[in-house]
Amino acid sequence: MSQREVHSSLQPFFLSVSITGLNILLVAVVLNIMGIGVTLFTTIFGAFTVAAGLALSGTFQNFAGGILILLLKPFELDDSILAQGQDGKVISIQIFYTVLLTADNKTVIIPNGKLFNEVITNVTREGKRRLDFEFKLEYAVDVDKVKESLTTSIKRTKNILTTPATNVGVIALELDGIRFTVRVWVQPSNFISAKMELQENIIKDLKAAGIKLPGVALTA
């Protein structure tokens with residue numbers, strides 16, 4: 001199995017199954033050599049297998065999900081994923097469950113059966129993640145001045161990638177104002193820190209440019 005590069009998590013299971021299967025085969029052969037019919041033995045073993053299968057259906061589903069995750073690799077160790085309403089970094093992929101570590105240092109254990117049968121968002125695989133930020137201003141604002149201020153904020157923010165290019169502009173015209181959007185690219189590991197710094201810089205730069213923010217009165 002090592003030569004065939006079978007995943008290290010699967011090797012103990014396959015070894016255990018092989019040993020169990022060979023032991024059962026050995027008992028059947030010995031009974032046959034001794035002249036003892038194996039029909040009754042086969043019937044009892046079959047009934048036991050069915051009962052065990054029904055009792056452990058959920059466990060088998062988790063096992064199958066673990067096998068598929070390890071083989072198809074929708075995510076790997078250290079990937080950040082969104083699944084089952086959880087957002088975290090994959091720290092362990094076991095046969096029956098996967099362990100995530102959230103940003104606030106919580107350990108989340110997700111059964112592989114549920115995990116593989118639902119939508120999984122892998123935010124690490126592509127190496128880049130887009131950060132979108134929208135806000136609304138009054139129609140009285142100077143659009144070019146706002147875009148210039150936003151561009152300044154982006155340049156002042158650390159960990160923002162230059163490729164792909166950033167986008168700044170008007171995304172929608174609504175009854176109560178103009179909705180602007182900022183779209184920049186960051187590495188997944190810097191997503192939260194870049195988002196907080198960018199939002200703070202945008203507020204500061206808009207105020208410094210004399211642009212009225214919603215609910216904020218301009219002072220001379």
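The shown structure was predicted, so the numbers you read here are calculated from the model rather than taken from an experiment. Throughout, numbering of the chain's residues begins at 1 and tracks the sequence.
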Is S149 reaching over with its side chain to a backbone N or O of K145, donor-acceptor style, under 3.5 angstrom? no
Give a yes or no answer on whether the side chain of R125 reaches the backbone of E76 with a donor-acceptor pair at less than 3.5 Å. no
Say whether I120 and I91 are linked into one hydrophobic cluster, either directly or through other cluster members, by side-chain heavy-atom distances under 4.5 angstrom. yes
Any carboxylate oxygen within less than 4.0 angstrom of a Lys/Arg side-chain nitrogen, looking at D132 and R130? yes
Quick check: are there more than 12 heavy atoms from other residues, nucleotides or ligands sitting under 6.0 Å from NZ of K158? no
Verdict with reasoning, I93 to F75, per side chain to side chain contact (heavy atoms under 4.5 Å, CB included): CA-CA 10 Å; I93 305 175; F75 56 84; 3.9 Å; yes
Does atom CZ of F133 have more than 12 heavy-atom neighbours from other groups under 6.0 Å away? yes
Side-chain contact, heavy-atom cut-off 4.5 Å: I171 with E134? yes
Show your reasoning for whether side chain to side chain contact (heavy atoms under 4.5 Å, CB included) applies to L100 and D87. CA-CA 8 Å; L100 304 183; D87 181 357; over 6 Å; no
Identify whether L115 and L101 are in the same connected component of the hydrophobic contact network (ILVMFWY, side-chain heavy atoms under 4.5 Å). yes
State whether the side chain of Y139 and the backbone N or O of E174 hold a donor-acceptor pair below 3.5 Å, judged by distance alone. yes
So do the side chains of R129 and Q187 get within less than 4.5 Å of each other, counting heavy atoms only? no
Whether the side chain of N190 engages the backbone of V186 through a donor-acceptor N/O pair (distance < 3.5 Å, no angle test) should be reported. no
Specify the closest pair of heavy atoms between F135 and V182, including all atoms of both residues, with the distance to one decimal. CE2-CG2, 4.5 Å
With the side chain counted from C-beta on, respond yes when V108 and V99 share a heavy-atom pair under 4.5 Å apart, and no when they do not. no
Any luck finding a side-chain donor-acceptor pair between N112 and N62 under 3.5 Å? no
Do N201 and T157 get their side chains close enough for a donor-acceptor pair, meaning under 3.5 Å? yes
Assess whether side chain to side chain contact (heavy atoms under 4.5 Å, CB included) is satisfied between K89 and D78, documenting all intermediate values. CA-CA 6 Å; K89 179 180 179 180; D78 296 328; 3.3 Å; yes
Mind checking whether F96 and F63 have parallel, tilted or perpendicular rings, split at 30° and 60°? tilted
Taking CD in E148 as the centre, count heavy atoms belonging to other residues, nucleotides or ligands within less than 6.0 Å. Is the count above 12? no
